[in-house]
Asks: 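Take a look at this one; I'll ask things after.
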Amino acid sequence: MTWRATQRRLSLASLLAFTVLLAPLLAAATRSTALRAAECTRPLPVSERRAREILKSERPFSLDDHGLFHSWEHPDWEGVPPPESRNGPALSEKETREALRHLLTKRFPCTPEDVHYGLAVYADPVARQKLPDPTLRAALAGLVGTLGEPAILYLLYEAPVTSIHFGVGFAIEDAGVSLRYAATWNSLDGTQQIVFDRKYRFSDFGAFSALLFHEALHVSADDEGAGEPEEVIALSLEALVYAEMLLADPAIAQGSEALTRSLNNHTTLLRLNSGPEGSDRMTLLVPGSDVNIDPTATEPITQFYDLYNRVGAPASEDYTGRETPGNSLLQRVLDDLAEPGESAPRDAGFDAETLDFLNRNHAALTPAELIAVACVLRLDVECD
């Protein structure tokens with residue numbers, strides 16, 4: 001955990017008492033260093049060196065399992081069952097807490113203080129007030145240890161967000177307003193709400209974590225609405241967080257809902273595939289490429305930047321070039337993504353400078369972890 005992340009957690013003093021942390025820390029300190037090293041190392045399918053070779057030579061990856069994705073148009077999906085929403089009942093408060101504990105324990109097998117922190121977020125009084133539904137509250141707590149962790153304190157204690165809840169999905173295209181999976185709404189009193197389409201309310205909480213992080217990036221950004229740079233930046237960061245969720249719990253990718261198959265898995269597939277030929281980098285822009293990175297598409301997509309336009313950008317005249325201000329969450333996340341020798345833009349916004357930075361920096365995941373995500377998504381890749 002970085003120093004910055006430590007400072008953020010310490011600023012939320014109401015979450016954990018010192019005595020809660022002390023016992024597991026002392027117990028962990030007594031264990032054999034060699035034993036802890038073996039238990040705490042996440043098994044990866046290939047070495048970092050081999051992962052770089054695969055990324056350079058085998059992308060774009062194709063699909064080994066069409067059931068984890070969906071296309072209404074591509075003939076390869078003929079006969080593949082379409083997405084379906086899960087039926088209730090939802091997990092109880094206690095059951096959701098145990099599911100959260102399970103995920104956090106897998107992510108932090110040797111640092112129980114991190115598990116306790118995530119559970120404390122779930123039980124926090126402000127979190128209960130802003131996120132009354134256990135599924136969405138667990139989704140927020142599930143961001144602990146990911147690139148999206150700064151969204152926890154931001155949403156609970158900094159942002160003018162009064163409610164994060166499930167609501168009725170609707171679309172008013174003429175007004176430039178749509179809700180397909182989630183959206184951030186401005187209230188008349190200057191506060192904001194984040195609303196998730198309630199038809200997905202019985203999905204696993206882990207399927208919502210990255211999308212909740214995405215919507216947090218929109219909070220307080222611009223009352224006039226997001227432009228293409230804002231949506232592409234938010235979507236590209238969302239894909240990194242979702243990839244981290246899959247590393248902790250690969251079962252998240254198995255969800256049958258459109259939320260998983262058409263959004264989460266699909267977005268992460270394109271993020272993995274987008275990069276110059278012969279490079280091990282994941283970039284948003286691949287100028288001049290004619291290589292299709294989307295095996296679900298009937299019309300080629302050659303770079304990640306084009307994805308949001310494909311899935312339904314508004315038709316407003318200034319949408320394509322519209323740059324918007326960022327919020328403090330965006331700044332923190334970019335700082336965490338900076339690779340050696342790089343630094344994030346100051347007063348970062350959703351603009352060309354931030355796009356250029358993200359085109360060069362994705363320090364949240366190593367090459368071997370990227371291949372591990374590709375294996376979870378059952379792409380045609382080496383998964384020994």
Side-chain angles (χ1 to χ4, degrees), residues 83-93 95-96 99-100 121-122 124-143 148 151-152 154-226 230-231 234-235 238 241-242 245 252 255-264 267 308 311-314 327 329:
E84 57 183 6
S85 296
R86 186 179 300 183
N87 294 321
L91 296 180
S92 67
E93 180 86 21
E95 290 169 333
T96 304
L100 173 63
V121 170
Y122 180 73
D124 183 70
V126 176
R128 287 179 176 275
Q129 182 178 16
K130 288 191 175 185
L131 300 91
D133 190 288
T135 296
L136 294 180
R137 199 173 344 116
L140 180 68
L143 291 171
I152 296 173
Y154 179 72
L155 288 172
L156 294 185
Y157 293 98
E158 300 175 27
V161 173
T162 57
S163 178
I164 301 171
H165 60 272
F166 289 110
V168 178
F170 63 91
I172 310 174
E173 298 297 343
D174 291 342
V177 176
S178 64
L179 173 57
R180 293 175 176 84
Y181 301 105
T184 301
W185 305 112
N186 297 319
S187 302
L188 294 177
D189 61 359
T191 62
Q192 293 178 294
Q193 299 181 26
I194 298 176
V195 185
F196 289 81
D197 192 330
R198 70 187 305 272
K199 72 182 177 183
Y200 302 115
R201 66 193 183 280
F202 300 123
S203 302
D204 292 335
F205 75 85
F208 295 102
S209 294
L211 182 55
L212 176 55
F213 165 70
H214 174 130
E215 292 304 322
L217 290 167
H218 291 314
V219 171
S220 299
D222 194 312
D223 290 343
E224 299 301 320
E230 181 172 333
E231 291 294 358
L235 202 62
E238 175 188 353
V241 173
Y242 183 68
M245 297 297 294
I252 294 172
S256 60
E257 306 88 347
L259 173 67
T260 297
R261 292 172 60 185
S262 297
L263 176 67
N264 293 335
T267 301
Y308 194 80
V311 299
N327 56 29
L329 173 60

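The structure displayed is predicted, hence computed values, not measured ones. Only this structure's heavy atoms are used, side chains among them; waters, hydrogens and symmetry mates stay out.
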Asks: How many angstroms lie between CG in Leu140 and CG in Leu212, if you round to the nearest 0.5 Å?
Replies: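 That separation rounds to 5.5 Å.
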Asks: Please name the pair of heavy atoms, one in Tyr122 and one in Leu100, separated by the smallest distance, quoted to 0.1 Å.
Replies: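 In this case the closest contact between Tyr122 and Leu100 is CB-CD2, 3.6 Å.
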Asks: Would a 4.5 Å heavy-atom cut-off, applied to side chains only, mark Ile194 and Leu136 as touching?
Replies: no
Asks: Any side-chain heavy atom of Asn327 within less than 4.5 Å of one from Tyr154?
Replies: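 A side-chain contact exists here, since the closest heavy-atom pair is under 4.5 Å.
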Asks: Can you name the nearest heavy-atom pair linking Ala234 to Leu217, along with the distance?
Replies: CA-CD1, 3.8 Å
Asks: Does any part of the side chain of Leu211, heavy atoms only, come nearer than 4.5 Å to the side chain of Phe196, both counted from C-beta?
Replies: yes
Asks: Taking all non-hydrogen atoms of both residues into account, name the closest pair between Tyr181 and Ala258 and its distance.
Replies: OH-O, 3.8 Å
Asks: Side-chain contact, heavy-atom cut-off 4.5 Å: Phe202 with Thr135?
Replies: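 SC-SC contact between Phe202 and Thr135 ruled out.
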Asks: Roughly how far, to the nearest 0.5 Å, is the NE2 atom of His218 from the CH2 atom of Trp185?
Replies: 11.5 Å
Asks: If you define the side chain from C-beta out and look only at heavy atoms, does anything of Leu155 sit under 4.5 Å from Leu131?
Replies: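 Result no, sub-4.5 Å side-chain heavy-atom pair not found.
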Asks: Any idea which heavy atoms bring Glu93 and Pro134 closest together, and the distance?
Replies: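 For Glu93 and Pro134, the tightest heavy-atom pair comes out as OE1-CG, 3.3 Å.
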Asks: Between Gln193 (side chain) and Ser187 (backbone), is there a donor-acceptor pair under 3.5 Å?
Replies: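 The answer is no, because no donor-acceptor pair under 3.5 Å joins these two groups.
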Asks: Which pair of heavy atoms, one from Gln192 and one from Val219, lies closest together, and at what distance?
Replies: OE1-CG1, 3.1 Å
Asks: Let me have the donor-acceptor pairs involving side chains of residues 159-166, under 3.5 Å, with sequence neighbours excluded, atom names and distances please.
Replies:
residue	atom	partner	partner atom	Å
Ser163	OG	His165	ND1	2.8

Asks: Could you tell me whether the side chain of Glu238 reaches within less than 4.5 Å of the side chain of Asn264, counting heavy atoms only?
Replies: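 Answer yes - side chains close enough.
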Asks: Could you go step by step and tell me if His214 and Glu231 meet the side-chain contact (heavy atoms from CB on, under 4.5 Å) rule?
Replies: CA-CA 9 Å; His214 174 130; Glu231 291 294 358; 3.4 Å; yes
Asks: If we only count heavy atoms from C-beta on, is the Glu257 to Thr260 side-chain gap below 4.5 Å?
Replies: yes
Asks: Backbone N or O of Gly206 within a donor-acceptor pair of the Asp204 side chain at under 3.5 Å?
Replies: no
Asks: Under 6.0 Å from the CD atom of Gln129, do we count more than 12 heavy atoms belonging to anything else shown?
Replies: no
Asks: Answer yes or no: is there a donor N or O on one side and an acceptor on the other, between the side chain of Arg261 and the main chain of Gly255, under 3.5 Å?
Replies: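 It does not hold such a pair.
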Asks: Kindly give the heavy-atom pair with the smallest separation between Leu259 and Phe208, and that separation in Å.
Replies: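 Scanning both residues completely, I find the closest heavy atoms to be CD2-CE2, 3.5 Å.
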Asks: What distance separates Met245 CE from Ser209 OG, expressed to the nearest 0.5 Å?
Replies: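 Between Met245 CE and Ser209 OG, I get 3.5 Å after rounding to 0.5 Å.
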Asks: Report the distance from atom CZ of Arg86 to atom OG of Ser203, rounding to the nearest 0.5 Å.
Replies: 6.0 Å
Asks: Do the non-hydrogen side-chain atoms of Leu143 and Val241 ever get within less than 4.5 Å of each other?
Replies: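 Yes, their side chains come closer than 4.5 Å.
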